[in-house]
Amino acid sequence: MAWDNGTLPHDLSRMTQAFRVLSLIPPMTQLNTPYPSTAYLTGFLRSRGVEAAQADIALALVLRLFTPEGLDDIRERAEDLPEDERSASVDAFLDQFVLYRRTIGPVIRFLQGNDATLAYRIAARGLLPEGPRFGALENHIDDGSGDPLGWAFGALGVQDKARHLATLYLNDLADVIRDAVDARFEFVRYAESLASSQPTFEPLAQALAAAPTLIDDLLCELTLQAVAEHRPQLVLLSVPFPGSVYAALRMGQAIRAAHPEVKIALGGGYVNTELRELKEPRVFDFVDYVTLDSGERPVLSLIEHLLGQRGPQRLQRTFVRENGTVRYVNLAEPDIAFEDVGTPTWDGLPIHRYLSLLDMLNPMHRLWSDGRWNKLTVAHGCYWKKCSFCDVGLDYIGRYETATASTLADRIQKIVEETGQTGFHFVDEAAPPKALKALAEELIRRDLPISWWGNIRFEKTFTPELSELLAQSGCIAMSGGLEVASDRLLQLMKKGVSVEQVARVTKGFTDAGILVHAYLMYGFPTQTLQDTVDALEYVRQMFENGCIQSGFFHRFSCTVHSPVGLNPAEYGIELIPLPEVTFAKNDIGFIDPTPMPPGVDHDLLGQGLRAAIYNYMHGLCVEDDVRRWFEYLPCPVPRPTVRRGKIARALGANARGA
């Protein structure tokens, strides 16, 4: 019996009333807002008559660790370390433990928005113990007030200043956990190196076979509590990043040991990207199924299979283990249309217990960690899908589908009614301008007062007039790819934009009151030292002219699914052969014969690029010669070939043309 259009047959719908699915978010993802994958799946399954629940184990773990009792556990492990093996963070923690234990509860409540008046005591810097992370404050310029943060928060920014100090306090504690309890611990990259592009399962297998750490014990305890509460027949583990894989498998290990009758499926962005050629049978010691791409169709098939209505040979996009061998099963059936996936639900997630952090003193950059955003997609996939560095052939990019503005506005309205929160982060690969325009008009027509931000391509369709419309509908920020900031390289990577075009589009957003973040890239094939210096000069001018307010430089990584990885000769590089891959496959090394000065490579250049962008985001050194950021290089740094004032002239010419 097959489903038509993703709906359950009438008799099966009755059967699902006793079938329970639990979707779990493993550590670590975000602390300020739920990762949206379980919200989407839970909302979809409920719309199909399935009894579905969800829980955020990542948040639960942090809230269990950062309690007086949790700090007691951490101190016990820290005191077991020989004194000569203790880091500065551990020493500061032990020296000030009484203060840490006394303040941890109030700090967490404050970051959850439940004790706003505590901000005054935190901001005065007399309440919290200060570990090594607070040393960064000395790098800020005193504005004459005697307060190194005065330039950022002034006299009235008490709440934000306190949140920044409280974030430094938590980062100090995270460093203690890493140094004394579990060397793999980070807030967003927990044990990432064990899973990212690992050709074999061996590193993960060894870690999972080792004696559990305190983090492991708490993780398993919280997982089993969720299973006991919801009593599912099927548990879905969503792993969007390499930094959530280890914890997900630990959770599967605990569920299987305590509840062998419960079936476990693994899916999410990491699986969709890195496990497409999975051959390792040991993965199935921890889970029963591994599914690829959008989860709606595979999960529906699994449910029907577990209810005895579908044979194992009729699953969709699912890896299973049969007779000790991994087998991929994919009965061809149409995916659930994006218009029909339903409205995500946050029911079951403790939305008022998330932590609003402020780790970057930049009004745009803070949005990723500050505030409780309802995450939503305007369209499935990318309408452009040409960028040579992107995995354009994979489903999450290659299958482009939209929903009507009316459908999207209905979803927004339902989410606001459910959560009481009016902030939205549109998490598209690149939200299409036509769809955003229609949605903005619909939001204005319905008088829906929301705040929203999202990711786009800086294409010329985003005119100043459209920017004004988007701002009127509630748009507060946009992010997009400027990438290498070089017209030659942008053309090579098929980005479909020019630097001057990006400048005009981003200035239009800024003039409309919309903050702009630029994703930046270095180390692209054939990129030279001169290209890098020129790119930074373009970026400097874009900050100088108010085109962008925030940015981030990341190192180009060649992936096996991208056009560069599939056709390396077109980009002037040679791939380094991978070893035999039985587990994860994504990043691949390459040889770029483009000449570089002796002793200089892209990783070395990255140090200067990151220092420059950090200062630009804080309004510092924007008028300085960009060569200052590369003074450490063991060679002369070439003068930029980009003339000063080029972006200003491009903007002026555009204004005259208008």
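Numbering starts at 1 and runs along the sequence shown.
By the salt bridge (Lys or Arg N to Asp or Glu O under 4.0 Å) test, Asp587 pairs with no residue at all, sequence neighbours left out. His602 is linked by a side chain to side chain donor-acceptor pair (under 3.5 Å) to nothing, counting only residues two or more places apart in sequence or in another chain. Every side chain to side chain donor-acceptor pair (under 3.5 Å) that Ser369 has, sequence neighbours left out, goes to Asp359. For Phe426, the ring-ring contact (aromatic ring centres under 6.0 Å, His included) partners are Trp452, not counting sequence neighbours. Applying the ring-ring contact (aromatic ring centres under 6.0 Å, His included) rule to Phe552 yields no partners; only residues at least two apart in sequence or on another chain are considered. Every residue was checked against the ring-ring contact (aromatic ring centres under 6.0 Å, His included) condition with Phe338, not counting sequence neighbours, and none meets it. With sequence neighbours excluded, the residues satisfying side chain to side chain donor-acceptor pair (under 3.5 Å) with Arg610 are Tyr522. Listed by chain and number, the residues in a side-chain contact (heavy atoms from CB on, under 4.5 Å) with Val283 are Phe201, Leu278, Glu280, Val287, Val290, Phe583 (sequence neighbours excluded). Taking the salt bridge (Lys or Arg N to Asp or Glu O under 4.0 Å) definition, one finds that Glu186 meets it with nothing, sequence neighbours left out. Scanning for salt bridge (Lys or Arg N to Asp or Glu O under 4.0 Å) contacts around Asp175 gives Arg133, Arg178, with sequence neighbours left out. For Tyr383, there are no ring-ring contact (aromatic ring centres under 6.0 Å, His included) partners, not counting sequence neighbours.
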List the atom pairs, with distances to 0.1 Å, where a side-chain N or O of residues 564-573 and a protein N or O form a donor-acceptor pair under 3.5 Å, not counting sequence neighbours.
| unit_1 | atom_1 | unit_2 | atom_2 | d |
| --- | --- | --- | --- | --- |
| Tyr571 | OH | Lys494 | NZ | 3.3 |

